[in-house]
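Okay, so here's the structure we're looking at.
All values derive from a computational prediction rather than experimental measurement. This chain uses plain numbering: 1 for the first residue, then up along the sequence. In listed order, ligands and their atoms are each counted from 1.
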Amino acid sequence: MKNFRLTEKEMNTLAERYPTPFLVASLDKVEENYQFMRRHLPRAGVYYAMKANPTPQVLQKLAALGSHFDVASAGEMEILHELGVGGEQMIYANPVKDRAGLKAAAAFGVHRFTFDDESEIDKMAAAVPGADVLVRIAVRNNKALVDLNTKFGAPVEEALGLLQKAQAAGLHAMGICFHVGSQSLSTAAYEEALLVARKLFDDAAEMGMKLTDLDIGGGFPVPAAEGLNVDLAAMMEAINKQIDRLFPDTAVWTEPGRYMCGTAVNLVTSVIGTKKRGAQPWYILDEGIYGCFSGIMYDHWTYPLHCFGKGKKTPATFGGPSCDGIDVLYRDFMTPELKIGDKVLVTEMGAYTSVSATRFNGFYLAPTIIFEDEPEYADRMQADDEQADKAAV
Ligand SMILES: *Cc1c(COP(=O)(O)O)cnc(C)c1O
């Protein structure tokens with residue numbers, strides 16, 4: 001699968017139409033990612049974790065494809081509600097729910113919840129009596145970029161006791177969930193967690209609790225991230241096989257976030273200033289760490305930067321526009337000489353980027369443009385057709 005990437009020409013013509021900085025999202029790429037997962041991990045229904053990228057057109061595209069959604073707050077539920085997504089297509093997968101979230105869940109008919117502590121049971125029983133609940137267990141994974149098992153997940157030995165207590169409080173004990181951590185490079189972490197879950201399903205049955213649903217969470221990596229060689233198809237197929245073996249009769253779900261949209265968005269940003277500091281040139285861009293590059297801080301991420309031009313490449317430093325010394329994006333990056341007004345392209349900007357951008361220093365948030373709505377998309381389609389015609393001759 002190729003990541004979505006604008007050509008230099010597309011970037012420049014879009015930049016004549018829209019002032020930089022802006023993001024360009026490809027809905028075709030989102031669809032491709034969704035279908036790829038459905039094909040290689042057919043046993044798992046999809047709850048898209050919308051915190052990764054809640055752009056309305058992305059949500060609409062996924063809803064049209066049949067995706068369900070993982071939500072964590074009243075605000076996320078409201079966005080989906082306005083797009084016509086019903087509560088029955090959502091899982092409230094924030095183990096600790098606030099009052100506004102529970103109220104919204106009740107209002108929109110969200111019926112599926114996760115929790116990882118006893119203190120959550122009375123809250124759910126009061127706000128959404130009879131709700132279907134899955135207990136989140138902590139699992140091990142030292143091969144994830146983002147650890148989600150220190151803050152989240154009940155100890156495995158407490159899981160069934162929690163489900164029993166939920167049942168006693170009038171909730172419906174439905175199943176188990178886990179999250180191996182984000183950008184997980186290991187299939188083993190999923191496989192180990194599946195074995196732990198199987199044992200819990202068996203023990204629950206012995207206790208007279210018939211669990212029906214298993215949620216294996218998110219964590220699937222963005223494949224072509226720099227220096228990363230992961231065979232996503234093989235990873236998904238291995239997990240699917242284990243699900244078939246261990247959970248032949250269970251409804252299984254997954255909650256991909258990063259995977260679904262990480263590769264579907266590009267950022268176009270301009271050089272707005274240059275400086276010479278020591279031997280290296282510095283280039284100041286019109287988007288920075290308080291904007292879409294916030295993932296450098298929050299998500300421990302680096303995004304592939306593409307500079308154009310023909311000159312000899314030398315190492316340079318790139319910074320954002322804010323008046324903070326921390327706003328440095330790339331160091332020792334090899335680039336031809338750039339001048340004010342030149343555009344640069346940043347790929348793999350779809351997950352945990354725009355959503356955590358701020359208006360620090362008063363800079364506006366970069367808007368997201370949908371590639372398929374632009375003439376450059378039609379041009380690409382036409383070029384593809386001409387190529388196909390040529391091949392057919
Ligand atoms: C953030 C989150 C996800 C998505 O994680 P990715 O690593 O982006 O796939 C899924 N489930 C829950 C509960 C989350 O908090």
Task: F220 ring center within less than 6.0 Å of Y190 ring center - done: yes

Task: Qualifying residue for salt bridge (charged side-chain N to carboxylate O under 4.0 Å, His left out) with E10, from K343, R5, R380 - done: R380

Task: Donor on one side chain, acceptor on other, Y283 and D342, under 3.5 Å - done: no

Open item on the list: Distance to the ring centre below 6.0 angstrom and angle to the axis at most 45 degrees; does that hold for R258 and W301?
Closed with: yes

Open item on the list: Closer than 4.0 angstrom, basic N to acidic O: yes or no for R112 and D213?
Closed with: yes

- [ ] Would you check whether Q183 has a nitrogen or oxygen atom less than 3.5 angstrom from a nitrogen or oxygen atom of ligand 1?
- [x] no

Open item on the list: I want to know if ligand 1 touches G219 in the polar sense, i.e. an N/O pair below 3.5 angstrom.
Closed with: yes

- [ ] State the atoms of ligand 1, each with its element, that fall below the 4.0 Å cut-off from a heavy-atom position in R136.
- [x] 13 (C)

Task: Residue and atom name of the nearest protein heavy atom (relative to atom 10 (C) of ligand 1), distance in Å to one decimal - done: E255 O, 3.1 Å

Task: Per-atom contacts, ligand 1 versus S182 - under 4.0 Å to a heavy atom - done: 6 (P), 7 (O), 8 (O)

TODO: Decide whether an N or O pair under 3.5 Å exists between G257 and ligand 1.
DONE: yes

TODO: For the pair E374 and R17, find out whether any cationic side-chain nitrogen is under 4.0 Å from an anionic carboxylate oxygen.
DONE: yes

Task: Contact atoms of ligand 1, heavy-atom distance to A49 under 4.0 Å - done: 3 (C), 4 (C), 10 (C)

Open item on the list: List ligand 1 atoms under 4.0 Å from G218, heavy atoms only on the residue side.
Closed with: 9 (O), 10 (C)

Task: Residue Y352 vicinity, atoms of ligand 1 by number, heavy atom under 4.0 Å - done: 1 (C), 4 (C), 5 (O), 6 (P), 8 (O)

- [ ] For R258, counting its heavy atoms only, list the atoms of ligand 1 lying under 4.0 Å from any of them.
- [x] 6 (P), 8 (O), 9 (O)

Task: Region of Y259 that comes within reach of ligand 1 [heavy atoms, distance under 4.0 Å] - done: neither

